[in-house]
Engineer: 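Quick one: this structure, given as structure tokens, is what I'll be asking you about.
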There are 2 protein chains.
Amino acid sequence: MLIKNAGGEKFLIELLKKEFHCSAKNVLKGIGDDAAVIQKDKNNFFVITTDMIYEDDHFSLNYFTPKQIGIKAMESNVSDIAAMGAKPVYAFISIALTPDTTIEFFEEFIKGIKFSAKKHKIMVLGGDTTHGNKIVVNITLIGEAKKQDLVFRDGAKPGELIFVSGNLGASTAGLELFKNKIKGFNSVKKKHLEPCARTDISNKLNKFATAMEDVSDGLASEVKNICSESNCGAIIFEKNIPISSETIKAGKTLKKNAVDFALYGGEDFELVFTVKKKDEKKAKKFGFLVGETIKEKKVFLLEKGKLNLMEKTGFDHFKK
Amino acid sequence: MLIKNAGGEKFLIELLKKEFHCSAKNVLKGIGDDAAVIQKDKNNFFVITTDMIYEDDHFSLNYFTPKQIGIKAMESNVSDIAAMGAKPVYAFISIALTPDTTIEFFEEFIKGIKFSAKKHKIMVLGGDTTHGNKIVVNITLIGEAKKQDLVFRDGAKPGELIFVSGNLGASTAGLELFKNKIKGFNSVKKKHLEPCARTDISNKLNKFATAMEDVSDGLASEVKNICSESNCGAIIFEKNIPISSETIKAGKTLKKNAVDFALYGGEDFELVFTVKKKDEKKAKKFGFLVGETIKEKKVFLLEKGKLNLMEKTGFDHFKK
């Protein structure tokens, strides 16, 4: 059976979780969160994530510069480490280049890696360069955290509030603008080309967030993940989802609803997090209230006063 | 300028070494050895490597089963950890699958990963599954070692002996047999399809080897790496290079010299190591004497009584 018919990426992840279940004492988290967590010494942990991006699936040479490919590869990994409440420290970069790739391309790509590495204070310690028919970049990023800094997906309880750290939907809107060859909307397009992982606030959010995840596949998918790991459900307030006016305008031009970009698009790399009701005020300094967790293990969307079951999930490369 | 004209993979690695030079106190090795080494606690180190394999460059679906792709991806990484004298512990697997990939393929691939993981006692803690037009696998492997266990490329001194842990050339011979559609030679072909990293001896070799590296790009290339990192030269004794009789026979059938497979082929995943002369007897229990290090910073091949400068290097995917 083809993967797309078996359930796409979700099917693959569930299979990996089952096949590689790990109960070792020094492994705090294996597969199933934004990153794995292993013990470093008594009080410190290494937090490890890996992410692959593939030409024409995650970026196109028609609109990405090589530097932007480097930035995107780094930021998507940094975002996973930030979502754990950890600090990124060491990176390992693998890249496949094609017979047509020039050294100038590679040098610009390295500039993108260095740009993100400098911004987030990351040391690049290893890599692999190889050859293929499309450009593929894989980064493994190791972060560090003390136990009390770590925030997992499974810490939410019913009756908590769901926040998101910033505007959503721009990355998908940007991609659609490129695909449809629509001019202008440069600030929206830039969100697709140069995402920014939220290390600037993750070290503050981890003091009071009960669960956290980054928005890589759309808000719907991330809230579902938190709910399934935390054994609860949620209501998302459609009218509260933060979307920039430029992204809304882009949606109109594209004849699409920008809310769908936010819910089912992806790669915004903002943080979704849950907090106890008593921490609402604190949370509002860092983001927007977009929902609440409930006991019933389903995720609903409150739109125009109606509560509808949210069945659609996030972007899936196998189903496009 | 195209990468192949600028020097291929060697050029890329040199650029990475220069761009990402790292002098942090807790980083014992950055780019430039088989793996990076970072401090875990007072006496223990993490040893980290990453390796990407790409369909039609590193494996072909015409002769690899999905299980064998999993095995090859794992063993090539395990081999790097073994070459450092470390013990592999944690693996992170990224894989891009194509629109045609079936769940049965993915399940068999996982069996290959599990086969190697079980053999080398490795826990798989994370991964990424994505989509592309060819199958690409990237593995990041984390090993552990005490300081005294670690063996680097830069520890050789002139006047030492060079050993290799087993027969060379079979993987390249196997690949050539497949490409030329020659039947038989199953034991040679199997060396290409199911390499075996030498964790069985690396924990013994690391007690007395002065420098060590795994044979991923051919003996010539690996000895050159050890020499350039150790600031010395070497003489390789052509007639001592261990090659199985089956591989020699395969070479004859292919009308090629099996010694060239050993010197300039790759992916045998044996260990090359240098030892002090007083340790010759110990080293002979684990391998074959294939050369010695010299003061002059050049690598020579002693063939039929003549000393020839070895100018050719190993396999380069950009130059094939």
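Reckoned from all heavy atoms, side chains included, excluding hydrogens, waters and symmetry mates. Quick note on labels: first sequence line is chain A, next is B, and so on, each numbered from 1.
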Engineer: Is B:Thr102 close to A:Met1 at the side-chain level, that is, under 4.5 Å between some pair of heavy atoms?
Structural biologist: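 A:Met1 does not reach B:Thr102 side chain to side chain.
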Engineer: A side-chain contact here means heavy atoms from C-beta on lying under 4.5 Å apart; do B:Ile142 and A:Phe92 qualify?
Structural biologist: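 In short, these two side chains do not touch, never coming nearer than 4.5 Å.
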Engineer: With a 4.5 Å limit on heavy-atom distance, are the side chains of B:Lys114 and A:Phe20 in contact?
Structural biologist: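 Counting from C-beta outward, B:Lys114 and A:Phe20 do come under 4.5 Å.
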Engineer: Below 4.5 Å from any heavy atom of chain A, which atoms of B:Ile113 appear? Answer side chain, backbone, both or neither.
Structural biologist: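 Contact with chain A involves the side chain of B:Ile113 alone.
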Engineer: Only pairs of heavy atoms separated by less than 4.5 Å count here; which of A:Val136, A:Ile13, A:Val124, A:Leu97 has the most with chain B?
Structural biologist: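 Most pairs with chain B among the choices: A:Val124.
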Engineer: Can you check whether anything in residues 62-83 of chain B gets within less than 4.5 Å of chain A, heavy-atom wise, and list it by number?
Structural biologist: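 Result: none.
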Engineer: Counting heavy-atom pairs closer than 4.5 Å to chain A, which one of B:Lys17, B:Met123, B:Lys4 comes out on top?
Structural biologist: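 Heavy-atom pairs under 4.5 Å are most numerous for B:Met123.
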Engineer: When heavy-atom pairs shorter than 4.5 Å are enumerated against chain A, which of B:Cys22, B:Ser94, B:Ala24, B:Pro99 gives the highest number?
Structural biologist: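 Sorted descending by pairs with chain A, the first entry is B:Ser94.
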Engineer: Run the ring-centre check on A:Phe106 versus B:Phe11 and record whether the distance is less than 6.0 Å.
Structural biologist: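 No, ring centres 6.0 Å or more apart.
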Engineer: Which region of B:Ile3, side chain (C-beta onward) or backbone (N, CA, C, O), has a non-hydrogen atom less than 4.5 Å from a non-hydrogen atom of chain A, or is it both or neither?
Structural biologist: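 Answer is both: backbone and side chain atoms of B:Ile3 are under 4.5 Å from chain A.
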Engineer: Count the heavy-atom pairs under 4.5 Å between each of B:Thr140, B:Asp51, B:Asn133, B:Leu2 and chain A, then report the option with the highest count.
Structural biologist: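 Most pairs with chain A among the choices: B:Asn133.
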Engineer: Which one of B:Ile48, B:Leu15, B:Ile95 has the most heavy-atom pairs closer than 4.5 Å to chain A?
Structural biologist: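 Highest number of pairs under 4.5 Å: B:Ile48.
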Engineer: For A:Lys134, which atoms come within 4.5 Å of any heavy atom of chain B: side chain, backbone, both, or neither?
Structural biologist: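 It is both, since atoms from each part get that close.
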Engineer: What pairs of residues pass the salt bridge (Lys or Arg N to Asp or Glu O under 4.0 Å) test when at least one of them lies in residues 91-110 of chain B, not counting sequence neighbours?
Structural biologist: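 As it turns out, the salt bridge (Lys or Arg N to Asp or Glu O under 4.0 Å) pairs with a partner in residues 91-110 of chain B, which skip direct neighbours, are B:Glu108-B:Lys111.
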Engineer: Which bit of B:Phe105 is near chain A, if near means a heavy-atom gap under 4.5 Å: side chain, backbone, both or neither?
Structural biologist: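 Contact with chain A: none, neither part.
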Engineer: Kindly say whether A:Met52 contributes a backbone atom to a donor-acceptor pair with the side chain of B:Asp128 at under 3.5 angstrom?
Structural biologist: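 Yes, B:Asp128 side chain to A:Met52 backbone: donor-acceptor pair under 3.5 Å.
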Engineer: Under the ring pair (Phe, Tyr, Trp, His ring centres under 6.0 Å) rule, collect the residues that match up with A:Phe109, sequence neighbours excluded.
Structural biologist: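 Partners of A:Phe109 by the ring pair (Phe, Tyr, Trp, His ring centres under 6.0 Å) criterion come out as none, since no residue qualifies.
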Engineer: Where along residues 27-42 of chain B does a heavy atom come under 4.5 Å of chain A, listed by residue number?
Structural biologist: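 From residues 27-42 of chain B, the residues near chain A are B:Val27, B:Gly30, B:Ile31, B:Ala36, B:Ile38, B:Gln39, B:Lys40, B:Asp41.
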Engineer: Under 4.5 Å from any heavy atom of chain A, what part of B:Thr49 do you find: side chain, backbone, both or neither?
Structural biologist: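 It is neither, since no heavy atom gets under 4.5 Å.
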Engineer: Which atom names give the shortest non-hydrogen contact between A:Asp57 and B:Gly132, and what distance separates them?
Structural biologist: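 Closest approach of A:Asp57 to B:Gly132, heavy atoms only: OD1-CA, 3.9 Å.
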Engineer: Quick one: does B:Ile53's side chain get under 4.5 Å of A:Thr130's, heavy atoms only?
Structural biologist: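 Contact flag for B:Ile53/A:Thr130 side chains = no.
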Engineer: Non-hydrogen atoms of chain B under 4.5 Å away: do they reach the side chain of A:His21, the backbone, both or neither?
Structural biologist: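 For A:His21, there is no contact with chain B at all, as no heavy atom is under 4.5 Å.
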